[in-house]
Amino acid sequence: MTQPGFFDLLSFGPDGWAKALMAGAWMTILIALSGYTIGAIIGTFGAWAKISGGKTLRVAADAYTTVLRGIPDLLVIYLLYFGGSAAITSIGRLFGADGFISFPGFLAGALAVGITSGAQHTEVFRGAFKAVHRGEIEAAIACGMSRSLRFQRIIAPLTLRHALPGLGNVWQVVLKESALVSITGVVELLRQSQIGAGSTGLPFDFYLIAGLIYLAISTVSSIAMRQAERHFSRGVRRG
């Protein structure tokens with residue numbers, strides 16, 4: 001039997017894997033977006049705790065960022081997936097369920113990516129807030145703006161402007177981290193490539209295709225981030 005050529009693998013024909021690879025790429029994007037959103041929410045509260053929180057909150061936020069930035073991301077996925085499965089199984093037994101109950105792989109992966117990226121988001125937001133010139137906040141106070149109005153019109157927009165380059169870097173990291181979620185059984189792009197490589201005996205071709213797809217997603221993301229930076233930097237003087 002003749003093996004399909006490289007471009008045959010990219011087709012929608014009988015030897016093609018285009019549909020399966022597209023499904024895997026879409027799953028990769030979903031995991032990355034979910035994890036990134038969770039991380040941004042965690043990072044917002046983490047940055048607030050470090051900047052405005054009391055001593056207890058600051059210590060907790062420092063411990064969170066230190067631990068999550070110091071252990072492998074894969075370990076976090078293992079702990080959430082297997083620990084979550086053990087917890088659900090124990091709860092199920094209390095209600096008479098028998099056997100092992102698996103924690104949803106997608107949920108475990110998205111949470112793990114979110115928790116790990118949350119530590120990076122925290123530092124990005126904290127640094128961006130520190131970059132806001134104190135004089136602009138003082139000017140808003142002098143104009144009689146309330147705290148909520150200062151946050152809405154001054155602090156939030158300026159913090160986001162300073163944070164965008166860092167947020168773009170975090171997104172690129174999250175996109176690559178999504179490949180680790182395959183250990184939970186989720187068929188994302190890398191896992192689909194492994195399946196294709198095993199089925200056809202063409203590992204190099206499939207991994208090359210996966211690399212090109214990751215590169216395409218990353219390139220489009222970088223363009224979108226640059227456009228966002230230009231949008232939020234309108235009217236800003238550049239030296």
Counting N and O atoms only, with roles assigned by atom type, does the side chain of [X] sit under 3.5 Å from a partner on the main chain of [Y], one being a donor and the other an acceptor?
X	Y	result
S34	A110	no
Y64	A119	yes
T159	A156	no

From [X] [atom1] over to [Y] [atom2], what is the distance, rounded to the nearest 0.5 angstrom?
X	Y	atom1	atom2	value
I209	Q192	CD1	CD	11.0 Å
L208	S193	CG	OG	10.0 Å
L180	E188	CG	CD	8.5 Å
L75	T116	CG	OG1	11.0 Å
L160	I155	CG	CD1	13.5 Å
T184	F82	OG1	CZ	9.0 Å

Residues R161 and E229 bridged, charged N to O under 4.0 Å
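Between E229 and R161 there is no salt bridge, as every charged N stays at least 4.0 Å from the carboxylate O atoms.
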L74 reachable from V173 in the ILVMFWY side-chain graph, under 4.5 Å edges:
no
G39 and S117: which non-hydrogen atoms are nearest, and at how many Å?
CA-OG, 3.5 Å
How close do S221 and W171 get, counting heavy atoms only, and between which atoms?
OG-NE1, 2.8 Å
For K176 and S218, which I'm curious about, is there any donor-acceptor pair between the side chains at under 3.5 Å?
no
Ignoring hydrogens and geometry beyond distance, is a side-chain donor-acceptor pair present between S222 and Q172 at under 3.5 Å?
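Indeed, the side chains of S222 and Q172 share at least one donor-acceptor pair under 3.5 Å.
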Applying side-chain contact (heavy atoms from CB on, under 4.5 Å), run through L158 and F129 and close with a yes or a no.
CA-CA 8 Å; L158 291 177; F129 177 81; over 6 Å; no
How far apart are the C-alpha atoms of I183 and R191, what are their side-chain angles, what is the distance that settles it, and do they pass the side-chain contact (heavy atoms from CB on, under 4.5 Å) test?
CA-CA 9 Å; I183 65 166; R191 178 56 182 156; over 6 Å; no
Show your working on side-chain contact (heavy atoms from CB on, under 4.5 Å) between L190 and F206 and close with a plain yes or no.
CA-CA 9 Å; L190 186 58; F206 273 96; over 6 Å; no
Is there a side-chain contact (heavy atoms from CB on, under 4.5 Å) between M27 and L189? Walk through the geometry before answering.
CA-CA 7 Å; M27 181 59 69; L189 178 57; over 6 Å; no
Within the structure provided, determine whether L111 and L107 are in side-chain contact (heavy-atom separation under 4.5 Å).
yes
